[in-house]
Asker: 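Please see the structure below; I have some questions.
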Amino acid sequence: MTVPFFDNRRQFLAIKTEVMKSVERILQSGNLILGPEVKKFEEDFAQFSGCRFGIGVNSGTDALKIALRAVGVGCGDEVITAANTASPTVSAIKELMAEPVLVDAGEDFLIDVKKIEKKITAKTKAIVPVHLYGQVCAIDEVVKIAKQHGLKIVEDCAQAHGAAHAGKMVGGFGDAGCFSFYPTKNLGAYGDAGLIVTSDQEIAKKCASLRKYGMEDSYFSEFDGYNSRLDEVQAGILNIKLEYLADYNKRRQGTAARYLSEIKNKKIILPKMNEPAGHVWHQFVIRVEEREKFLEYLKKNKIGFGIHYPYPIHLQTAFAEFAAPDLANSEKFAREIVSLPIFPELEKKEVDYIISTINLF
């Protein structure tokens with residue numbers, strides 16, 4: 001048996017008729033940029049996230065950049081974030097000529113909130129907590145720290161569509177929340193797409209202007225902005241898939257529950273789960289000390305896998321200047337982590353095969 005790590009085609013075939021009708025309708029309408037489909041998705045996803053406003057942009061990276069700028073982050077400011085994250089989190093901060101300040105991960109792979117306060121200086125402007133792999137970080141503590149020190153919070157929710165803490169969706173805990181709809185995400189477009197959610201009207205207004213050259217009215221820029229608009233075709237696809245998101249997440253949770261209960265191999269360290277009901281399992285990440293041997297074993301048995309991520313931020317050339325001496329967990333995890341297949345369309349027999357094969361490693 002061959003099991004792919006991810007196969008977007010399975011999901012597409014299940015909703016193909018709806019998608020193709022939507023694309024044809026949009027193309028025939030002539031409304032291609034910031035039209036009714038974008039407006040509907042902005043409103044519906046904001047409501048889904050428990051926020052008042054949604055602002056569609058062209059990627060999750062731009063969502064972070066625009067939201068950070070809208071809350072006042074600029075040149076020379078420091079922004080605290082996780083060392084164990086994808087590079088776009090830090091790229092967005094750097095694009096504003098601000099300085100990322102990295103915090104190590106805890107045993108749950110998420111930012112270790114106990115280490116945040118000692119990173120705060122007079123130049124600190126904001127915190128970007130990352131809800132990695134579909135699990136909410138210790139967001140109550142982040143909010144508490146931010147309030148005590150007068151800092152802004154921009155949540156990186158790129159891997160956490162529908163993730164929740166105490167029944168509240170991610171994106172609504174801070175000043176703004178940023179989502180990516182890259183095709184591999186729990187809610188994925190068929191290209192790049194992103195969205196900012198907020199309940200602050202002024203932040204929403206600033207984000208909407210920033211995504212379109214700093215304009216409020218056409219052809220008059222109030223300030224320097226960007227070209228970062230969500231297009232109608234991608235919004236139309238996302239409108240369809242949003243209706244299925246709860247089911248997609250439920251299927252991921254079902255596969256994760258099986259992995260957690262049925263993988264029984266002392267060489268495998270299973271992920272730590274803080275709040276089972278709120279975890280949406282964008283990735284199921286295990287740890288294996290003998291990783292290279294394990295990866296060869298998976299290849300031999302035709303099981304797909306990923307590594308998210310092989311290099312922590314500070315060990316990448318582009319971000320080496322932000323290295324710190326207290327990032328040991330992030331470095332250790334990068335040497336041991338392996339992501340197992342967990343996309344919603346995995347079949348039972350495939351999950352059976354993955355589990356039985358891993359138990360024989």
Asker: For H308, check ring-ring contact (aromatic ring centres under 6.0 Å, His included) against everything at least two apart and list the hits.
Answerer: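 For H308 the ring-ring contact (aromatic ring centres under 6.0 Å, His included) partners, ignoring immediate neighbours, are F5.
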
Asker: Is there a side-chain hydrogen bond (donor to acceptor under 3.5 Å, both in side chains) between E18 and Y244 once you walk through the steps?
Answerer: CA-CA 12 Å; E18 291 176 85; Y244 294 95; 2.5 Å; yes

Asker: Any salt bridge linking D352 with K349? Criterion: basic side-chain nitrogen under 4.0 Å from a carboxylate oxygen.
Answerer: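 Looking at D352 and K349, the cut-off is not met.
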
Asker: Between the side chains of N186 and N249, does any donor sit under 3.5 Å from an acceptor?
Answerer: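 Looking only at side-chain atoms, N249 and N186 do form a donor-acceptor pair, the distance falling under 3.5 Å.
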
Asker: Measure the shortest side-chain to side-chain distance between P344 and R10 over non-hydrogen atoms and say whether it is less than 4.5 angstrom.
Answerer: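 Side chain of P344 against side chain of R10, heavy atoms only: no contact under 4.5 Å found.
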
Asker: Does V57 offer a backbone N or O that forms a donor-acceptor pair with the side chain of R211 under 3.5 Å?
Answerer: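 It does not hold such a pair.
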
Asker: How long is the span from the NZ atom in K39 to the CG atom in L230, to the nearest 0.5 Å?
Answerer: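 So the gap between those two atoms works out to 14.0 Å.
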
Asker: Taking ring-ring contact (aromatic ring centres under 6.0 Å, His included) as the test, write out the residues that go with F294, two or more places apart.
Answerer: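 Partners of F294 by the ring-ring contact (aromatic ring centres under 6.0 Å, His included) criterion, ordered by chain and then number, come out as F361.
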
Asker: Indicate yes or no: at least one non-hydrogen side-chain atom of N301 is less than 4.5 angstrom from one of Y353.
Answerer: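 With C-beta onward as the side chain, the pair touches.
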
Asker: So, is the end of the K94 side chain (NZ or CZ) under 6.0 Å from the ring centre of F319 and within 45° of the ring's axis?
Answerer: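 Output no; distance or angle outside limits.
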
Asker: Please name the pair of heavy atoms, one in V154 and one in P129, separated by the smallest distance, quoted to 0.1 Å.
Answerer: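 Scanning both residues, the minimum pair turns out to be O-CD, 3.5 Å.
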
Asker: Hey, are K272 and E107 close enough for a salt bridge, meaning a charged N less than 4.0 Å from a carboxylate O?
Answerer: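 No, K272 and E107 are not salt-bridged.
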
Asker: Less than 3.5 Å apart, any donor N or O on the side chain of E222 or S209 sitting next to an acceptor on the other?
Answerer: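 No, no side-chain donor-acceptor contact under 3.5 Å.
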
Asker: Quick one: which residue pairs count as a ring pair (Phe, Tyr, Trp, His ring centres under 6.0 Å) with a foot in residues 45-75, not counting sequence neighbours?
Answerer: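 Sorted pair list: F41-F45, F45-F48, F45-F179, F45-F181.
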
Asker: Indicate the atoms forming the closest heavy-atom contact of A328 with D104, along with that distance.
Answerer: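 Closest approach of A328 to D104, heavy atoms only: N-OD2, 3.3 Å.
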
Asker: Measure the shortest side-chain to side-chain distance between R251 and W281 over non-hydrogen atoms and say whether it is less than 4.5 angstrom.
Answerer: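 In short, these two side chains do not touch, never coming nearer than 4.5 Å.
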
Asker: Kindly give the heavy-atom pair with the smallest separation between L132 and T85, and that separation in Å.
Answerer: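 What the structure gives for the nearest pair is CD1-CA, 4.4 Å.
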
Asker: For the side chain of T81 and the backbone of V128, is there at least one donor-acceptor N/O pair under 3.5 Å apart?
Answerer: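 Side chain of T81 to backbone of V128, a donor-acceptor pair under 3.5 Å: yes, one is there.
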
Asker: Using the test ring-ring contact (aromatic ring centres under 6.0 Å, His included), find all partners of F333 that sit at least two apart in sequence or belong to another chain.
Answerer: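 Once residues adjacent in sequence are excluded, the partners of F333 under the ring-ring contact (aromatic ring centres under 6.0 Å, His included) criterion are F109.
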
Asker: Would you say that more than 12 heavy atoms from the other residues, nucleotides or ligands in this model lie under 6.0 Å from the OH of Y182, or not?
Answerer: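 No.
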
Asker: May I ask whether V351 and I358 are part of the same hydrophobic cluster, defined by side-chain heavy atoms of I, L, V, M, F, W, Y residues being less than 4.5 angstrom apart, directly or through others?
Answerer: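 They do share one cluster, since a chain of ILVMFWY contacts under 4.5 Å joins V351 to I358.
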
Asker: Check whether Q135 reaches the backbone of H279 with its side chain - one donor and one acceptor, N or O, closer than 3.5 Å.
Answerer: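 A pair under 3.5 Å: no.
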
Asker: Using the ring of F223 (Phe, Tyr or Trp, six-membered ring only), decide whether K206 places NZ or CZ under 6.0 Å from its centre and within 45 degrees of its axis.
Answerer: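 Output yes; distance and angle both within limits.
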
Asker: Taking only Lys NZ, Arg NE, NH1 and NH2, and the carboxylate oxygens of Asp or Glu, determine whether K300 and E296 approach each other closer than 4.0 Å.
Answerer: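 Looking at K300 and E296, the cut-off is not met.
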
Asker: Do you know which two heavy atoms are closest between K115 and K119, and how far apart they sit?
Answerer: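 Smallest interatomic distance, heavy atoms only, reads O-CG, 3.4 Å.
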
Asker: Is the CD atom of Q148 crowded by more than 12 outside heavy atoms at less than 6.0 Å?
Answerer: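 Buried by this count: over 12 neighbours within 6.0 Å.
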
Asker: Show every salt bridge (charged side-chain N to carboxylate O under 4.0 Å, His left out) that has at least one partner inside residues 223-245, sequence neighbours left out.
Answerer: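 The answer is none; no pair qualifies.
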
Asker: Within the distance-only criterion (no hydrogens, no angle test), does the side chain of Q234 pair as donor or acceptor with the backbone N or O of Y190 below 3.5 angstrom?
Answerer: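 Indeed, once roles are kept as given, a pair shorter than 3.5 Å links the two residues.
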
Asker: Would you tell me whether Y226 and E95 have side-chain atoms, one donor and one acceptor, within less than 3.5 Å of each other?
Answerer: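 No pair is found: no donor N or O on one side chain lies under 3.5 Å from an acceptor on the other.
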
Asker: Looking at side-chain heavy atoms only, is the closest gap between L110 and Y133 below 4.5 Å?
Answerer: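 No, their side chains stay 4.5 Å or more apart.
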
Asker: What residue pairs, at least two apart or across chains, pass side chain to side chain donor-acceptor pair (under 3.5 Å) with a residue in residues 155-166?
Answerer: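 Output for this query lists T89-D156, H131-E155, D140-H165, Q159-Y309, H165-E275.
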
Asker: Quick check against the 3.5 Å criterion: does D77 have a side-chain atom that pairs as donor or acceptor with the backbone of A98?
Answerer: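 Looks like no, no N/O pair under 3.5 Å.
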
Asker: Taking all non-hydrogen atoms of both residues into account, name the closest pair between A126 and L68 and its distance.
Answerer: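 Heavy atoms of A126 and L68 come nearest at CB-CD2, 4.4 Å.
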
Asker: If we only count heavy atoms from C-beta on, is the E43 to Q47 side-chain gap below 4.5 Å?
Answerer: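 With C-beta onward as the side chain, the pair stays apart.
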
Asker: Would you say T198 and C207 make side-chain contact, with heavy atoms under 4.5 Å?
Answerer: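 Side chain of T198 against side chain of C207, heavy atoms only: no contact under 4.5 Å found.
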
Asker: Around atom CE of M1, are there more than 12 heavy atoms of other residues, nucleotides or ligands at under 6.0 Å?
Answerer: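 Result for CE/M1: enclosed.
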
Asker: How about K299 and F305: do any of their side-chain heavy atoms sit closer than 4.5 Å?
Answerer: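 The answer is yes; the side chains approach within 4.5 Å.
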
Asker: Could you tell me whether N227 atom CG has more than 12 heavy atoms of other residues or ligands within 6.0 Å of it?
Answerer: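 More than 12 heavy atoms, drawn from other residues, nucleotides or ligands, come within 6.0 Å of this atom.
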
Asker: Search all heavy atoms of C51 against all heavy atoms of S199 and return the closest pair with its distance.
Answerer: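 Nearest pair, atom of C51 first, then S199: CA-OG, 3.5 Å.
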
